[in-house]
Every structure is written in structure tokens, then in C-alpha cells.
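Data block below; observations after.
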Amino acid sequence: MMMPMHGPHMVNQRLDLLEQELMHVKMNSGQLMGMSPPLVHMQQTHMSQMSVTPQSSFMPNGSQDILFHSHKEIMETHAKLVESMRLQAERHDKLLESHGMLMEAHKKMMASRVGLGKEAKKEAKKHPVLGVVRLDYNYPPAAGDIDHPGSYNYDILFRCVPGLTFEMAQSGMMTYQVQREFADAIKWLESKGVAGITGDCGFMMAF
């Protein structure tokens, strides 16, 4: 911070400049009037001795006290500025820490909603799969039929029961071997983690 210069210091500087200008004028006038070089040299020496006179001799009484108090005020102001910058730096560090915590919380929230990150993948639920027990009957199913995979909006697993014909299901009676095959089909679908099991024939309700 630059402060305007007042007081004895400025006065001394101006006096020095005036003395130098006066010496320069006298030297030029001496040359014009034919003044001998030794005399000019004596005047120059005299003026130079006056110009190097210590400034303290031109300082009025009490000037040193004024300069001391001014310097003290500058140092106090500087100390206050340094303290203010330190407090500002602390507040900035706390703000960065809070911002980091906020970003971490936002990241976790987005991961839970959109399915991002490892934690969200672990917690993601499996898509439901339906198991269908089929008769031992092969035909080309049309869209919308229970045996057509495109009839559903989710995954389907089919398992055919060897020997379980339409006529056997209609009769409501299965042979021992077919019963074993029927039980194996149900166990297989369960091992695949299906959400539910149904049959492709209404007569299976007897079983």
C-alpha cells in the first residue's frame, strides 16, 4: 500500500533538487562570464558538500515520532490483513470439505436410483422368471399361446414331461414313470430360480 509522502522527507528532497539546479545555473553562468575553472570547481565542491548534508539536520523536532507512529499503524493494519486472510482460508477449506461430502451423498443417491455403482448392482433384484410345465406334445404355438415365448413381457422357462400326453392329463391319472418325470420337471424349474410354475394344459389341475 503506497502512502503519499509528506513532511520533512519531501522538503529535504525538494531542497536537494533546488540546490542542484542552482549549482547547474551558476556553473553555466560562470562559463559564460569567463570564470576560471578553479573557481567553478570550488563552487561545485561547496554545493556538493551542502547537498550531502545529512537529512536529519533538516528534520524539525517531533518528525521522527510522527514517522514512528505512521510505521506502527501500517504494521498493525498489515497484521489485521494477514489474520483476515487466514480466517478466509479456513472458511474456504470448510466449504470444500462440505462440498465433497455433498457430492458423495449425491453419488450414492444416484447409484441407488439409476443403478450405478457396485452397491447398486449387489442390491439389484433379479427379474422374475416363470416356469411352465409342458405336455409331451409338439406343435407350432401362435403368439398369445401359453407355449409361445413372445406371449409374455418377462422371461419364460419351459420343461416338457416325457410321456405326459393330452389324453393322460385329461384322464387325471399318470403312470409311475410319468409321475417321476413330472416331479423331476418341477425340481428342475425350482433349481433355476423361477418365481412361479404353471402348466400349459388346464387338465394339469388334477395333479
Compare every heavy atom of Cys160 with every heavy atom of Asp136, then report the nearest pair and how far apart it is. CA-SG, 3.6 Å
If you measure from CG on Leu130 to CG on Asn153, what distance do you get to the nearest 0.5 Å? 12.0 Å
Heavy-atom closest contact (Gly144 atom, Ser151 atom, distance): N-OG, 2.7 Å
Do Leu164 and Glu181 pass the side chain to side chain contact (heavy atoms under 4.5 Å, CB included) test, and can you show the C-alpha distance, the side-chain angles, and the key distance before you say yes or no? CA-CA 9 Å; Leu164 183 57; Glu181 295 290 348; over 6 Å; no
Would you call Met168 and Thr175 a side-chain contact if the rule is heavy atoms closer than 4.5 Å? yes
Salt bridge (charged side-chain N to carboxylate O under 4.0 Å, His left out): pairs with one or both residues in residues 68-91, sequence neighbours excluded: Glu83-Arg86, Arg86-Glu90
Who pairs with Tyr176 by side chain to side chain donor-acceptor pair (under 3.5 Å), at least two apart in sequence or on another chain? Arg180
When you look at CD of Glu97, are more than 12 heavy atoms from neighbouring residues, nucleotides or ligands closer to it than 6.0 Å? no
Test side chain to side chain contact (heavy atoms under 4.5 Å, CB included) on Ile197 and Glu190 and set out the steps. CA-CA 8 Å; Ile197 299 176; Glu190 289 177 344; 3.9 Å; yes
If you group Ile, Leu, Val, Met, Phe, Trp and Tyr by side-chain heavy-atom gaps below 4.5 Å, do Met204 and Ile186 land in one group? yes
Going by side-chain contact (heavy atoms from CB on, under 4.5 Å), name the residues that satisfy it together with Leu102, two or more places apart in sequence or in a different chain. none
Closest contact, heavy atoms only, Gly172 versus Ala206: CA-CB, 4.3 Å
Should Val133 and Phe207 be counted in the same cluster of Ile, Leu, Val, Met, Phe, Trp and Tyr side chains packed under 4.5 Å apart? yes
Taking Val178 as the starting point, is it possible to reach Met173 by hopping between hydrophobic residues whose side chains are less than 4.5 Å apart? no
Consider only side-chain heavy atoms of I, L, V, M, F, W and Y, link residues closer than 4.5 Å, and tell whether Leu189 and Val129 are in one cluster. yes
Gln170: side-chain contact (heavy atoms from CB on, under 4.5 Å) partners, not counting sequence neighbours: Phe166, Phe203
Taking C-beta and beyond as the side chain, do Arg134 and Asp147 meet within less than 4.5 Å on heavy atoms? yes
Which ring-ring contact (aromatic ring centres under 6.0 Å, His included) pairs, counting each pair once, include a residue from residues 138-165, with sequence neighbours left out? Tyr137-Tyr139, Tyr152-Tyr154
In the single-linkage hydrophobic clustering (I, L, V, M, F, W, Y; side-chain heavy atoms under 4.5 Å), do Ile146 and Leu135 co-cluster? no
Output every pair passing ring-ring contact (aromatic ring centres under 6.0 Å, His included) with a member in residues 92-111, not counting sequence neighbours, ordered by first then second residue. none
Main chain of Leu81, side chain of Ser84: is a donor-acceptor contact present, judged purely on distance under 3.5 Å? no
